Amino acid sequence: MTNTVMRFEHVSKRYGENTLAVDDFDLGVGDGEFVSIVGPSGCGKSTLLKLIMGLEPLTGGSLEYHAHAPSVSAMTGMVFQQPLLLPWHTVLDNVLVPSTLQSRSRRRTDRGRALELISMLGLTDFTESYPYQLSGGMQQRVGIARALLHDPRILLMDEPFGALDAMTRDQLTMDLLTIWERDRKTVLFITHSISEAVLLSDRVVVMTPRPGRIADVVGIDLPRPRTLATINTPEFGEYARRIRRVLDGTEAVTP
Ligand SMILES: Nc1ncnc2c1ncn2[C@@H]1O[C@H](COP(=O)(O)OP(=O)(O)OP(=O)(O)O)[C@@H](O)[C@H]1O
């Protein structure tokens with residue numbers, strides 16, 4: 001693996017007395033690596049992102065960063081399942097929200113970068129549109145542009161395409177692949193879709209039901225650049241079946 005930017009060492013997270021959400025999660029994430037996390041509902045996937053963002057404290061273990069940045073928020077960009085756009089802001093203003101929160105002058109300096117990202121995500125004609133004038137897929141593109149505004153080293157994505165229809169999802173998956181191949185950011189991507197995980201990732205972390213432990217880490221050695229046609233190759237099918245077998249073989253363990 002290349003340089004590690006983030007390392008979970010035996011991380012556990014308990015909510016209250018009874019809910020052990022994540023247990024003994026041990027993983028290093030390489031610089032520029034695309035890592036997906038798949039697992040049953042409630043196995044602690046979103047919790048892992050909350051721990052990274054510092055929104056929740058760890059119960060056990062440690063989480064270390066090796067990226068040079070003044071803060072976790074400067075180092076990471078976050079994309080949620082719902083893009084959480086401000087309805088009274090245009091596309092440009094929504095992308096610029098992180099700058100506006102800092103200062104007016106920051107907003108002015110970031111305007112060019114925001115327009116560049118809007119163009120990269122195919123939204124130039126909608127720069128001055130409001131969220132209600134956009135499709136779900138376009139709204140999610142705005143969410144991605146906003147997460148990339150400050151050029152974070154690490155992109156955290158929590159089921160970003162989960163609320164989209166199949167065709168829009170495929171299109172956005174391909175766009176994300178193109179963006180990633182260009183920038184090679186470190187991406188931690190949470191999904192329920194095995195094929196999305198295989199198509200995008202260098203490694204897929206498969207988790208057990210709660211308490212979420214690592215059941216397997218599957219390296220995806222498919223050539224890049226990948227396209228939707230990659231899904232039809234026998235190698236792709238083999239990876240997808242292997243992950244499915246691991247998911248089907250994991251049993252719920254009482255905390
Ligand atoms: N703030 C909280 N307080 C108490 N329990 C919580 C809290 N957040 C999450 N949990 C519990 O921790 C467990 C893991 O939740 P988490 O949202 O991380 O799972 P997930 O794998 O992301 O689920 P899904 O795939 O359904 O989004 C669940 O049992 C959930 O009920």
Side-chain angles (χ1 to χ4, degrees), residues 6-29 33-65 72-73 76-84 136-137 139-140 143-144 147 154-166 168-169 172-173 176 186-201 203-218 240 242-255:
M6 191 170 29
R7 175 167 286 289
F8 296 83
E9 291 229 21
H10 306 290
V11 164
S12 66
K13 172 64 189 173
R14 187 181 285 279
Y15 292 105
E17 291 284 296
N18 297 321
T19 309
L20 182 59
V22 175
D23 190 31
D24 198 23
F25 191 89
D26 209 52
L27 183 78
V29 181
E33 195 181 19
F34 200 120
V35 175
S36 288
I37 301 179
V38 297
S41 187
C43 74
K45 303 182 294 297
S46 300
T47 295
L48 290 169
L49 297 193
K50 287 187 207 163
L51 298 176
I52 296 170
M53 297 294 285
L55 299 174
E56 289 284 350
L58 277 68
T59 308
S62 64
L63 181 48
E64 284 175 16
Y65 305 99
V72 173
S73 59
T76 53
M78 178 83 195
V79 181
F80 302 93
Q81 182 170 6
Q82 301 294 341
L84 308 175
Q139 292 187 21
Q140 193 53 290
I144 294 171
I154 303 170
L155 194 56
L156 306 172
M157 307 186 86
D158 195 352
E159 287 187 64
F161 309 145
L164 303 174
D165 64 84
T168 309
R169 198 176 174 133
L172 269 172
T173 304
L176 177 60
T186 306
V187 181
L188 211 52
F189 187 90
I190 288 179
T191 179
H192 280 117
S193 162
I194 295 176
S195 32
E196 205 168 78
V198 174
L199 186 59
L200 288 165
S201 308
R203 284 187 300 158
V204 178
V205 177
V206 189
M207 292 181 70
T208 65
R210 189 171 68 80
R213 301 185 176 123
I214 295 180
D216 200 2
V217 179
V218 181
R242 172 168 165 196
I243 293 168
R244 167 58 56 203
R245 275 197 301 273
V246 176
L247 280 171
D248 289 348
T250 56
E251 286 179 18
V253 186
T254 315

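Quick caveat, the model's predicted, so the values are computed rather than measured. We count ligands from 1, going down the list as the structure has it; atoms in each ligand are counted the same way.
Of all protein heavy atoms, the one closest to atom 26 (O) of ligand 1 is Ser41 OG, 2.5 Å. In terms of protein heavy-atom proximity, atom 16 (P) of ligand 1 is closest to Thr47 OG1, 3.7 Å.
Side chain of Gln140 to main chain of Pro160: a donor-acceptor pair is present (N/O by atom type, distance under 3.5 Å, no hydrogens or angles).
Put simply, no part of Gly16 is less than 4.0 Å from ligand 1, judged by heavy atoms. Judged by the shortest distance from any of its heavy atoms, Gly39 lies outside the 4.0 Å radius around the atoms of ligand 1. Not a single heavy atom of Lys13 sits under 4.0 Å from any atom of ligand 1. His192 counts as a contact of ligand 1, since one of its heavy atoms falls under 4.0 Å from the ligand.
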- request: Applying salt bridge (charged side-chain N to carboxylate O under 4.0 Å, His left out), run through Asp24 and Arg213 and close with a yes or a no.
  value: CA-CA 6 Å; Asp24 198 23; Arg213 301 185 176 123; over 6 Å; no

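At a 3.5 angstrom cut-off on N or O pairs, Ala21 does not count as close to ligand 1. Among the atoms of Arg210, some N or O lies under 3.5 angstrom from an N or O of ligand 1.
Distances from atom 30 (C) of ligand 1 to the protein include no heavy-atom value under 4.0 Å. Per-atom contact check: atom 23 (O) of ligand 1 touches the protein, criterion being a heavy-atom distance below 4.0 Å.
At a heavy-atom cutoff of 4.0 Å, ligand 1 is contacted by the side chain of Glu159 but not by its backbone.
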